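In what follows, a structure is listed as structure tokens, so that the remarks can point back to it.
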Amino acid sequence: MPVALHRPAEIVRPRARPAATTGPEDEVLLAACRRGEQRAMEALYHQYKRRVFGLCHRIAGPTDAEEVAQEVFVRVFRGLPAFRGDSQLGTWIYRLAVNAALSYVAKRGRRGEVGDDDLERVPAPDEARRDPRLSERVEAAMARLPAGYRAILVLHDIEGLSHEECADILDCRVGTSKSQLHKARAKMRELLGPALAAERSAPQGETEVDA
Amino acid sequence: MTCRDVEARLTAYLDGELDPATSSALRGHLRTCAACNAMAEDHARIAGALAAMHDRPLDPPRHLYDQILRRLGEAEEVDARRSPWALGARRFWDRVRPHLLPGAAVATAAVLALVWWTRDDRASRSEPTMAEIPPRVADDPPAPEVEPPVPAPPAPPEERVDVETALVTEAQRIDALYADVVEDLTADALEERATWTGARQRSFDAELARLHAAVRARPLVIDASIRGLDPDGDHGAGEARERAWQALVGFLQRAAVGDLLAEARR
């Protein structure tokens, strides 16, 4: 019987991110926004600007992030009167953002990859020495994924949403969300292969996993 | 557990979604298989790096909010310039859109049908407006294109203008009534739709698109036969459109209340 050779990989516990709930204070805010009250609209914007902009940036790329984020918030404010509160406000906003970003990428063409000028150079295999900045490499690899894979990684792995929430946002079944995540992660591992191999061969404590 | 099994379950394992027995078996495999252990560590590192990205939120530029307000203002100016017909369409569209997510191709077809139907500013299109279509002599066969003005039944000019206006107004009013009923029923039907399976939703969307297309295919034609002004005249064109509306209304009624009736009968 072989001796236990390797320490099993740690389970990456899903980060407990509070789902954006439509609480009573949100209702008041929404009502004020629907009436066109400027301060309420600005408050709503500030509440969601990072999530929306971050998502647009990571799915549609840095160059177009601003344009897409503008479009998202315009749709949010124009769509508020029709928002019935039957889904969570945050889920609804995420959905608008993902749809806007994915449409933008689709219209832009280029198979969903972020443009070359946006692409952080992924070092060639022979350069993949013990580069501590795995996070940068991860971001670069994400830029090379198809947009749909980027979307599920942003929602599930970065924003920390559950598969139920992802499925709601992406308008798919939970099973589809899970299989998309599986494929997206496999693709990431493929793209990051050399960098990860270098990480693995480094002794513990000498590398920095994230910046 | 084989390497293949591990590979298939690794994502679920790392997210803590596997049951204890399977997790244990997977960990057992990882203890003895260098390749799978390496793969698991790679995935754990990637997931860790991605999760860390959440802690580095991206702030949008300061001017973004002003740009948003500007675009909202532009959209409002566009709304102000639209005809009342299009404003009604926008209200309808706002009600329907939250329920029609871009993912489904059939939903998109239904959406396109609606958008086409609720097109704004009919006068800008090549089809004649209501006022331009002259009253037809009763025993003329229906003509596909607008005929040159035919002498109307003798009437002083002022009276003829009144008749035309009455025809136009009446037909538009009835048409708008149907449109309003459809709008209200669609809202109710869509509430029901949200509870259905995907397959049922798709077939509903397809039928809805077909019925809307049927209404569109029968443009509102004003002639002297409409609304009893010439009871012996040919009612074909006007009635066909009304029948198309009625089919749409019936469909939406069944969708909106059908489930309730079925439940009541049980």
Side-chain angles (χ1 to χ4, degrees), chain A residues 2 4-15 17 42 45 49-54 57-58 65-66 69-71 73-74 77-79 81-84 86 92 95 99 103 134-135 138-139 142 153 157-160 170-173 178 181-182 185 188-189 192 196 199-200 209-211, chain B residues 7-8 10-17 23 26-34 36-61 63-65 67-72 75-76 93-98 101-104 191 194 198:
Chain A
L5 295 172
H6 306 281
R7 190 169 47 80
E10 296 299 320
I11 291 181
V12 178
R13 291 278 172 214
R15 314 261 291 247
R17 304 258 161 77
E42 198 163 349
Y45 165 76
K49 67 181 180 188
R50 283 174 163 184
R51 269 171 285 192
V52 169
F53 185 74
H57 191 279
R58 287 166 178 145
E66 217 177 288
Q70 275 177 37
E71 176 65 30
F73 276 107
V74 167
F77 288 126
R78 301 260 295 164
F83 174 63
R84 296 154 73 98
D86 50 356
W92 180 66
R95 191 187 296 142
N99 289 342
S103 311
L134 182 63
S135 56
V138 164
E139 291 197 39
M142 269 195 63
L153 286 178
D157 284 355
I158 298 180
E159 296 295 305
L170 296 170
D171 188 28
C172 66
R173 292 175 301 113
K178 291 182 175 179
L181 181 68
H182 184 92
R185 285 177 172 174
M188 284 289 277
R189 182 171 182 250
L192 287 164
L196 290 168
E199 289 275 336
R200 264 184 272 124
V209 172
D210 37 23
Chain B
E7 209 250 313
L10 198 51
T11 289
Y13 169 73
L14 290 172
D15 292 340
E17 288 167 11
S23 287
L26 193 147
R27 274 199 300 278
H29 181 101
L30 293 183
R31 283 187 186 280
T32 59
C33 177
C36 285
N37 200 30
M39 178 174 58
E41 281 190 1
D42 287 349
H43 279 293
R45 282 217 167 80
I46 296 171
L50 287 170
M53 281 168 75
H54 183 83
D55 299 326
R56 295 193 302 277
L58 293 163
D59 273 315
H63 55 258
L64 186 71
Y65 188 62
Q67 288 171 336
I68 291 163
L69 287 184
R70 194 173 39 82
R71 279 173 71 155
L72 277 173
E76 283 167 2
W93 176 234
D94 279 344
R95 193 93 76 88
V96 166
R97 187 173 53 192
L101 300 173
E191 279 195 46

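The figures here come from the full heavy-atom set of this structure, side chains too, leaving out hydrogens, waters and symmetry mates. Note that this is a predicted model, so its numbers are computed, not measured. Throughout, a chain's letter reflects where its sequence line sits, starting with A, and its residues are numbered from 1.
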task: Check each atom of B:Ala12 against the heavy atoms of chain A and say whether the ones under 4.5 Å are side chain, backbone, both or neither.
output: neither
field: Partner set under side-chain hydrogen bond (donor to acceptor under 3.5 Å, both in side chains) for B:His29, not counting sequence neighbours
entry: none
message: Can you list everything that forms a side-chain hydrogen bond (donor to acceptor under 3.5 Å, both in side chains) with A:Arg173? Sequence neighbours excluded, please.
response: none
- prompt: Should the ring pair A:Tyr45 and B:Tyr65 be called parallel, tilted or perpendicular, given that the plane angle runs from 0 to 90° and is split at 30 and 60?
  reply: tilted
query: For B:Glu17, is it the side chain, the backbone, both or neither that has a heavy atom under 4.5 Å from a heavy atom of chain A?
result: side chain
query: Between B:Met53 and A:Asp157, is any pair of side-chain heavy atoms under 4.5 Å apart?
result: no
- prompt: Are A:Phe53 and B:Pro61 side-chain neighbours, meaning at least one heavy-atom pair lies under 4.5 Å?
  reply: yes
field: Nearest-0.5 Å distance that lies between atom CZ in B:Arg45 and atom CE in A:Met188
entry: 14.5 Å
message: I need the B:His54 NE2 to A:Arg51 CZ distance, nearest 0.5 Å.
response: 8.0 Å
message: For the CD atom of A:Gln70 and the CZ atom of B:Arg70, what is their distance to the nearest 0.5 Å?
response: 6.5 Å
message: Between A:Lys49 and B:Asp59, is there a side-chain heavy-atom distance shorter than 4.5 Å?
response: yes
field: Closest contact, heavy atoms only, B:Leu58 versus A:Gly54
entry: CD1-CA, 4.0 Å
- request: Heavy-atom distances under 4.5 Å only: say whether B:Leu26 touches chain A with side chain, backbone, both or neither.
  value: neither
- prompt: Can you find a heavy atom in the side chain of A:Val138 that is under 4.5 Å from one in the side chain of B:Leu50?
  reply: yes
message: Testing the basics here: between B:His43 and A:Arg189, what is the closest heavy-atom pair and its distance to 0.1 Å?
response: NE2-CD, 3.7 Å
query: For B:Ala8 and A:His182, which heavy atoms make the closest approach, and how far apart are they?
result: O-CE1, 3.5 Å
task: Nearest 0.5 Å please: distance from the CD atom of A:Glu42 over to the CD1 atom of B:Ile68.
output: 10.0 Å
